[in-house]
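Worksheet: one structure, shown below.
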Amino acid sequence: MATIYPNLESNQKRWQTIVCLTLGFWLSACIILDGVIMPSMYASGMMNTSDFTAAGSIMFSLFNRVELICASLGLTGLLVLSATPNHLIKNTKTAIIFSIALLAIALIDTYGLTPQMSALGINLNLFESVKEVPVTMNQMHGGYWLLEVIKLVVGGTLLGWCYQQKN
C-alpha cells in the first residue's frame, strides 16, 4: 500500500495530530472558561452588574464560534481517518457518532442556549433593577451544564482514542 500511496501514512498521522490538538485545545478552553473565568466573574460580583449580560453574550458568542470550528475540524479529521484503508482510530463508527454529537452540542450552544440566555438576561427597564434570576434562566443553565459534562466526557474519550493510536 505504501508504494501506491506514498504519503498516506504521513497524511494519516497529520490528521490524527490535527484531531488531537483540536480536541485538546477545545476541551482545555472549556475547562478554563467554565472552571476559572466564570467562577472568578461570579466571585468578583460582576454577575450582579447591569453590564454582565452584554459581556457574557459577547464572550460566549465568540467562544461558541471557536467551538464550532473545533467541532467541524474534529469531525473532518475523523471522517478523513475513517476513509483511509487502515483505520488508525479504534471504534471508527462510534468516534464519528461522538464527533457528530460534539458538533450538535456546539450548534445547540451557539444558536439555541446562548441567544436565549442573553435575551432573558437583558434588562429592558433602565429604572428597575433585576431582583431575581428568571426560572427559565436557571433551567437553561442546568441544560448548559449538562451539555458541558457530555462534551467533556465525549471529547475526552475521543481524545484518548486518538492519542492512544498515535503512539
Side-chain angles (χ1 to χ4, degrees), residues 1-44 47 55-118 137-167:
M1 191 53 87
T3 58
I4 297 173
Y5 301 105
N7 292 330
L8 181 63
E9 188 172 323
S10 67
N11 284 337
Q12 286 176 330
K13 293 292 183 185
R14 185 175 305 134
W15 274 106
Q16 204 167 359
T17 302
I18 289 170
V19 171
C20 283
L21 289 175
T22 301
L23 287 172
F25 166 75
W26 183 15
L27 296 176
S28 62
C30 288
I31 291 170
I32 289 170
L33 181 68
D34 295 334
V36 177
I37 295 173
M38 290 309 293
S40 61
M41 288 172 72
Y42 182 76
S44 70
M47 290 191 172
S57 177
I58 291 169
M59 181 174 57
F60 278 101
S61 293
L62 291 173
F63 183 72
N64 287 340
R65 280 11 180 232
V66 172
E67 282 190 306
L68 284 174
I69 292 169
C70 291
S72 301
L73 191 56
L75 176 60
T76 301
L78 287 171
L79 288 172
V80 168
L81 290 172
S82 70
T84 56
N86 53 344
H87 305 296
L88 290 179
I89 307 296
K90 69 177 186 175
N91 303 327
T92 305
K93 289 181 183 178
T94 306
I96 291 172
I97 291 169
F98 280 5
S99 186
I100 291 170
L102 289 174
L103 180 60
I105 290 171
L107 287 168
I108 290 168
D109 284 347
T110 303
Y111 299 112
L113 286 176
T114 300
Q116 288 296 321
M117 291 171 78
S118 297
M137 179 72 90
N138 288 332
Q139 292 170 346
M140 288 184 167
H141 274 110
Y144 171 80
W145 282 106
L146 177 66
L147 289 175
E148 284 297 301
V149 168
I150 292 170
K151 180 182 8 174
L152 291 173
V153 169
V154 169
T157 302
L158 280 176
L159 181 60
W161 287 348
C162 287
Y163 185 76
Q164 284 175 355
Q165 298 301 319
K166 197 166 168 49
N167 295 330

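What you are looking at is a predicted structure, and each value in this text was computed from that prediction instead of being measured. The figures here come from the full heavy-atom set of this structure, side chains too, leaving out hydrogens, waters and symmetry mates.
In this structure, the separation between CG on Leu102 and NZ on Lys151 is 8.5 Å, given to the nearest 0.5 Å. The distance from atom CE of Met59 to atom CE of Met38, rounded to the nearest 0.5 Å, is 4.5 Å. Distance check: Asp34 CG to Trp145 CH2 gives 4.0 Å after rounding to the nearest 0.5 Å. Within the model, atoms CG of Leu152 and OG of Ser28 stand 10.5 Å from one another, a figure rounded to the nearest 0.5 Å. Distance check, rounded to the nearest 0.5 Å: CG of Leu78 to CD1 of Ile18 gives 11.5 Å. Residue Trp161 holds its CH2 atom at 5.0 Å from OG1 of Thr94, rounded to the nearest 0.5 Å.
Residues passing the side-chain contact (heavy atoms from CB on, under 4.5 Å) test with Thr114 are Phe60, Ser61, Asn64, Ser118, sequence neighbours excluded. In terms of the ring pair (Phe, Tyr, Trp, His ring centres under 6.0 Å) criterion, Phe63 has no residue partners (sequence neighbours excluded). Under the side-chain contact (heavy atoms from CB on, under 4.5 Å) criterion, Ile97 pairs with no residue at all, not counting sequence neighbours. In this structure Ile150 satisfies the side-chain contact (heavy atoms from CB on, under 4.5 Å) test together with Ile105, Leu146, Val154, sequence neighbours excluded. Taking Ile108 as the reference, Leu113, Leu147 meet the side-chain contact (heavy atoms from CB on, under 4.5 Å) condition, with sequence neighbours excluded.
In this structure, the side chain of Thr22 does not engage the main chain of Val19 through any donor-acceptor pair within 3.5 Å. Remark: the backbone N or O of Leu79 is paired with a side-chain donor or acceptor of Ser82 at under 3.5 angstrom.
Residues Leu75 and Ser99 share a closest heavy-atom pair of CA-OG, 3.0 Å. When all heavy atoms of Cys162 and Gln16 are compared, the closest pair comes out as O-NE2, 3.1 Å. When all heavy atoms are compared, the tightest approach of Leu81 to Gln12 is CD2-O, 3.4 Å. Of all non-hydrogen atoms in Thr110 and Ala106, the two that sit nearest each other are OG1-O, 2.7 Å.
Inter-residue side-chain proximity for Cys70 and Leu23 is flagged as unmet; no heavy-atom pair is nearer than 4.5 Å.
Pairs of residues two or more places apart, or lying in two chains, never qualify as salt bridge (Lys or Arg N to Asp or Glu O under 4.0 Å) while including a residue from residues 69-84.
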### Task
Kindly indicate, with the supporting measurements, whether the criterion side-chain contact (heavy atoms from CB on, under 4.5 Å) is fulfilled by Leu68 and Tyr111.
CA-CA 11 Å; Leu68 284 174; Tyr111 299 112; 3.9 Å; yes

